[in-house]
Amino acid sequence: MPELPEVETIANGLHQRVQGDVIESVWLGEKPEPLQSPAAEIVRVLTGARIAAVHRTGKHIVVELTRAERGAQSMPVKSKAVKSKAVKSNATKRKEAKTAAESNGTAAERAQWIVHLGMTGRMLVVEAAEEVAKHTHLIAKLVSGRELRFVDPRRFGRLAVKPAADFAAPGVEPLTVSAAGFAELFKGRKTPIKSALLNQSLLAGVGNIYADEALSRAGIRPMRRATSLTGVEMCKLHRAVQKVLAEAIKLGGSSINDYVTANGEPGFFQLKHRVYGREGEPCRKCKLPIERIVIAGRSAHYCAKCQK
DNA sequence: ACTATTTCCTGGATGC
DNA sequence: TGCATCCAGGAAATAG
């Protein structure tokens with residue numbers, strides 16, 4: 001289930017592989033993903049667009065697109081991204097996209113393709129000859145001869161285009177929010193802290209795995225009311241969220257079911273999980289079995305002794 | 001303004 | 001072996 005670290009890994013992988021490529025044509029399945037933009041608009045915006053950058057915001061993959069001004073020749077270019085192995089920050093990529101749009105004489109139109117992977121969504125970069133997997137909902141044929149395919153068996157994912165290139169995920173970025181800003185989000189909330197962490201309009205990108213893992217590292221029980229957390233606990237939780245996300249990104253995310261990076265490699269953070277998916281297994285610290293309860297329809301894992 | 005619950009969807013696991 | 005049932009979970013919709 002892709003959460004922030006997995007989406008970040010996938011977006012970076014896509015950036016390295018398709019930046020600079022141009023979408024030649026688009027195929028949409030008969031029963032496509034629930035679309036947040038009309039199918040015709042998705043096809044219109046993607047067709048002929050150049051992929052300027054791919055980055056993440058919240059759990060969304062944002063594909064920055066540019067298009068030569070109407071009438072002007074849009075010039076496909078070979079990807080230069082391959083040269084620079086270093087992972088660029090999202091801010092850098094956004095800037096690059098803007099620069100690319102503005103260079104080349106007249107202003108180019110900008111747009112964005114927003115992809116939410118839901119639970120089982122995948123973005124694959126494959127050779128056109130590659131067999132089309134079941135549950136493939138969109139194929140973007142690239143000038144380079146490859147295809148960018150969106151596959152999602154459970155169809156919880158979402159696709160949208162923003163012709164205005166103004167997409168902003170609701171909620172703050174967990175990796176950059178200050179401790180004070182973080183605490184402010186949960187002020188006065190009576191909902192369990194676990195539920196509050198999952199609320200995307202508060203914090204964008206934390207899902208079930210990392211909510212459990214952060215609470216474990218902060219020593220806080222998931223069912224605690226958000227408003228009951230002390231200032232010290234809020235600080236601990238803030239640190240824990242940032243630490244666990246950063247560590248997970250370093251390891252390429254958690255591969256639980258069939259998640260793989262854009263290059264087809266699994267992530268390894270699942271090996272570091274302290275509570276998630278470890279019901280009945282010994283706590284890594286006190287050896288007591290990890291418990292699992294259901295909070296708001298979601299499983300929550302914790303150690304009754306180490307988390308208060 | 002919040003909070004809690006239900007719904008969507010399909011593959012894999014489980015049970016008889 | 002085969003069939004039914006349950007479960008996972010993000011986020012939108014609905015209800016309280």
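Chain identifiers are assigned alphabetically (A, B, ...) following the order of the sequence lines, protein sequences preceding nucleic acid strands; residue numbering begins at 1 within each chain.
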Flag side-chain contact, heavy atom, 4.5 Å: [X] against [Y]:
| X | Y | value |
| --- | --- | --- |
| A:Ser216 | A:Gln307 | yes |
| A:Leu117 | A:Val115 | yes |
| A:Leu65 | A:Trp113 | yes |

Rounded to the nearest Å, what distance is computed from the [atom1] atom of residue [X] to the [atom2] atom of nucleotide [N]?
| X | N | atom1 | atom2 | value |
| --- | --- | --- | --- | --- |
| A:Lys187 | B:dA1 | NZ | C1' | 17 Å |
| A:Ile295 | C:dG10 | CD1 | P | 13 Å |
| A:Met223 | B:dT3 | CE | C1' | 18 Å |
| A:Arg155 | B:dG11 | CZ | C1' | 14 Å |
| A:Gln200 | C:dA12 | CD | C1' | 12 Å |
| A:Asn199 | C:dA11 | CG | P | 10 Å |
| A:Leu198 | B:dT5 | CG | P | 15 Å |
| A:Leu159 | C:dA11 | CG | P | 14 Å |

Looking at [X] and [Y], what are the two nearest heavy atoms and their distance?
| X | Y | answer |
| --- | --- | --- |
| A:Lys190 | A:Arg225 | O-CD, 2.6 Å |
| A:Gln200 | A:Lys59 | NE2-NZ, 3.4 Å |
| A:Glu147 | A:Ile139 | OE1-CG2, 3.3 Å |
| A:Gln19 | A:Ala52 | NE2-O, 3.0 Å |

Next on the checklist: Does B:dA4 have OP1 or OP2 under 4.0 Å away from a side-chain N or O of A:Lys190?
Outcome noted: no

Checklist entry - Do the side-chain N or O atoms of A:His135 get closer than 4.0 angstrom to the phosphate oxygens (OP1, OP2) of B:dC9? => result no

Checklist entry - Taking the nucleotide of DNA chain B with the closest heavy atom to each, which residue, A:Gly188 or A:Lys134, is nearer the 5' end? => result A:Gly188

Quick test: give all pairs of protein nitrogen or oxygen and nucleotides 5-9 of chain C nitrogen or oxygen below 3.5 Å, distance rounded to 0.1 Å.
| residue | atom | partner | partner atom | Å |
| --- | --- | --- | --- | --- |
| C:dA8 | OP1 | A:Arg292 | NH1 | 3.0 |
| C:dA8 | OP1 | A:Arg292 | NH2 | 3.4 |
| C:dA8 | N3 | A:Arg154 | NH1 | 2.8 |
| C:dG9 | OP1 | A:Tyr276 | OH | 2.3 |
| C:dG9 | OP2 | A:Ser299 | OG | 2.8 |
| C:dG9 | N2 | A:Arg154 | NH1 | 3.1 |

Next on the checklist: Please pick, from B:dT3, C:dG10, B:dG11, the nucleotide with the shortest atom-to-atom distance to any side-chain atom of A:Thr191.
Outcome noted: B:dT3

